[in-house]
Amino acid sequence: MIDFKAPETWHAALHRLQQNGIAHVLATQVTSAGSTPREPGARMVITDDAIFDTLGGGTFEWQTITAARARLKEQRYGFSLEAFSLSGRSGQCCGGLVNILLEVFPGATSHIAIFGAGNVGSAIAKLSAPLPWQLHWFDSRSNAFSEEFQHQTRLSRHLLQDPALSVAELPSQTHALVLTHNHQEDYTLITALIERDDLASIGLIGSDSKWASFQGRLKRDGYSKEQIERVRSPIGRIHGTKLSNKTPYAIALTVVTELLWLTDTPSPSDTRGLEPKALRTLLDEHSTTAS
């Protein structure tokens, strides 16, 4: 029996890529005139190395893919409009005209690893939802993750079985937060994290006395001063002051604020939608076609 796997549709790919924080382009045929391979509403999704679905094939589709990948490479995020005459620019014989809207999504700008799915970890995950971060969320308890996060974009949940292996698989320049339900698990994670010299930051939840205890253990276990000083603890301490309101939500607010400073990078472009001229052209062509 042949195991046939259907190709991934554009909407399934769009959901997966946004869920995983991967840069991609949604190409939509918004207008057409004359004979064209497909009608307005046809869509395809394009990444650096894959395409999902089709606008009808032919040279104009290849040119659409090329234009989309050029925008990904140049980090030109936002909207742009491409016009194709199917007897001219595209070298096709249909003789029609299509306008393709390219929506370029940047994916995740930063990777955040959250170790611990308790009240504070859950609050951090919820507050981070609108931000352009890819969250890698771990917990050693299989029932720790609330179902409300099942469909949150740019968030992946993992069962923490081998802390050293989970840490080893984190992307370079990840910001790690350690806030599990178990102090020994926290310590094991901290030792694995400080052995990696390519992580962007390492944060540990807890009191000053907890961190003092950890520092003593790390020194006895042979870790260097430089490695130990890479750990930021307690996390969420704004301007060196302690938080008086220690509810999970308040702690999460300060932690996310701290991460905003740590991850702050200038936007590669200031895209505010389609240029007025391109929008007017699109509306004029649509009006002519409709009449």
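Just so it is clear, the structure is predicted and the values come from calculations on it, not from any experiment. Numbering of residues begins at 1 and proceeds along the displayed sequence.
- When atom types are taken as modelled, the side chain of S122 and the backbone of N119 share no donor-acceptor pair closer than 3.5 angstrom.
- Judged as a ring-ring contact (aromatic ring centres under 6.0 Å, His included), and not counting sequence neighbours, Y223 has no contacts.
- Minimum heavy-atom separation, A23 to P106: CB-O, 3.5 Å.
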**OP:** Would you sort out whether W211 and I228 count as a side-chain contact (heavy atoms from CB on, under 4.5 Å), showing the intermediate values?
**Re:** CA-CA 10 Å; W211 177 228; I228 296 171; 3.9 Å; yes

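- I251 and L127 fall within a single hydrophobic cluster, where Ile, Leu, Val, Met, Phe, Trp and Tyr side chains are chained together by heavy-atom contacts under 4.5 Å.
- I46 and F52 fall into different hydrophobic clusters, where Ile, Leu, Val, Met, Phe, Trp and Tyr residues are linked whenever their side-chain heavy atoms come under 4.5 Å apart, directly or through other members.
- A continuous path of hydrophobic side-chain contacts links V167 to L218 [ILVMFWY only; heavy atoms under 4.5 Å].
- Formation of a donor-acceptor pair under 3.5 Å by the H151 side chain with backbone atoms of F149 is not found in this model.
- Follow the hydrophobic side-chain contacts under 4.5 Å out from V255 and you never reach V231; the two are in separate clusters.
- Among pairs with a residue in residues 140-159, those fulfilling salt bridge (charged side-chain N to carboxylate O under 4.0 Å, His left out) read K126-E148, D139-R141, at least two apart in sequence or across chains.
- Put simply, the side chain of I114 does not reach to within 4.5 Å of the side chain of H136, judged on heavy atoms.
- For the pair V30/I100, no side-chain contact is recorded, criterion being any heavy-atom separation below 4.5 Å from C-beta on.
- Considering CZ of R230 and CD of E195, their distance stands at 10.5 Å, rounded to 0.5 Å.
- Nearest heavy atoms, P248 versus A123: O-CB, 4.1 Å.
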Subject >> Worked check of side-chain contact (heavy atoms from CB on, under 4.5 Å) between I205 and V178 >> reply: CA-CA 6 Å; I205 199 170; V178 178; over 6 Å; no

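- Taking OH of Y249 as the reference point, atom CG of L253 lies at 4.5 Å (rounded to 0.5 Å).
- W137 and F115 have their aromatic ring centers separated by at least 6.0 angstrom.
- The closest donor-acceptor contact from the side chain of D53 to the backbone of M44 lies at 3.5 Å or more, if one exists at all.
- Heavy atoms from other residues, nucleotides or ligands lying under 6.0 Å from NE2 of H183 number 12 at most.
- The shortest distance between side-chain heavy atoms of L26 and W10 falls below 4.5 Å.
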**OP:** Report the C-alpha separation of Y187 and F214 in whole Å, then their side-chain angles, then the decisive distance to 0.1 Å, and conclude whether the ring pair (Phe, Tyr, Trp, His ring centres under 6.0 Å) test is met.
**Re:** CA-CA 7 Å; Y187 183 78; F214 272 36; 5.4 Å; yes

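- Note on L199: it does not cluster hydrophobically with L259, by side-chain heavy-atom contacts below 4.5 Å among ILVMFWY residues.
- Side-chain contact check for L102 versus R71: some heavy-atom pair is nearer than 4.5 Å.
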**OP:** Show your working on side-chain contact (heavy atoms from CB on, under 4.5 Å) between I112 and T263 and close with a plain yes or no.
**Re:** CA-CA 10 Å; I112 313 295; T263 62; 4.2 Å; yes

**OP:** Go through T47 and D49 one step at a time and tell me if the side chain to side chain donor-acceptor pair (under 3.5 Å) criterion holds.
**Re:** CA-CA 5 Å; T47 68; D49 57 6; 3.2 Å; yes

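- Between the OG1 atom of T191 and the CG atom of L193 there is a distance of 8.0 Å, given to the nearest 0.5 Å.
- Put simply, the side chain of S166 never gets that close to the backbone of P163: no donor and acceptor are under 3.5 Å apart.
- To the nearest 0.5 Å, atoms CD1 (I65) and CD1 (I51) are separated by 4.0 Å.
- Expressed to the nearest 0.5 Å, how far CD of Q161 lies from OG of S140 amounts to 9.5 Å.
- The backbone N or O of G56 lies less than 3.5 Å from a partner atom in the side chain of T54, making a donor-acceptor pair.
- In summary, K210 and D186 engage in a salt bridge, as defined by a charged side-chain N under 4.0 Å from a carboxylate O.
- In this structure, the side chains of I124 and L179 come closer than 4.5 Å at one or more pairs of heavy atoms.
- Distance check: Q227 CD to I190 CD1 gives 12.0 Å after rounding to the nearest 0.5 Å.
- With sequence neighbours excluded, no residue forms a side chain to side chain donor-acceptor pair (under 3.5 Å) with R69.
- A 4.5 Å side-chain heavy-atom check between L101 and E82 finds every atom pair outside the cut-off.
- A donor-acceptor pair is defined here as one N or O able to donate and one able to accept, closer than 3.5 Å; no such pair exists between the side chain of S213 and the backbone of S209.
- Counting heavy atoms from C-beta on, the side chains of L262 and R232 come closer than 4.5 Å.
- Proximity of a side-chain donor or acceptor of R43 to a complementary backbone N or O of T28 within less than 3.5 Å is not detected.
- One N or O on the side chain of E61 and one on the backbone of L55 form a donor-acceptor pair closer than 3.5 Å.
- Here the two rings, on H175 and H111, have centers that are 6.0 Å apart or farther.
- Side-chain atoms of T254 and E258 include no donor-acceptor pair closer than 3.5 Å.
- Side-chain contact between V45 and V25: absent, with no pair of heavy atoms (C-beta onward) separated by less than 4.5 Å.
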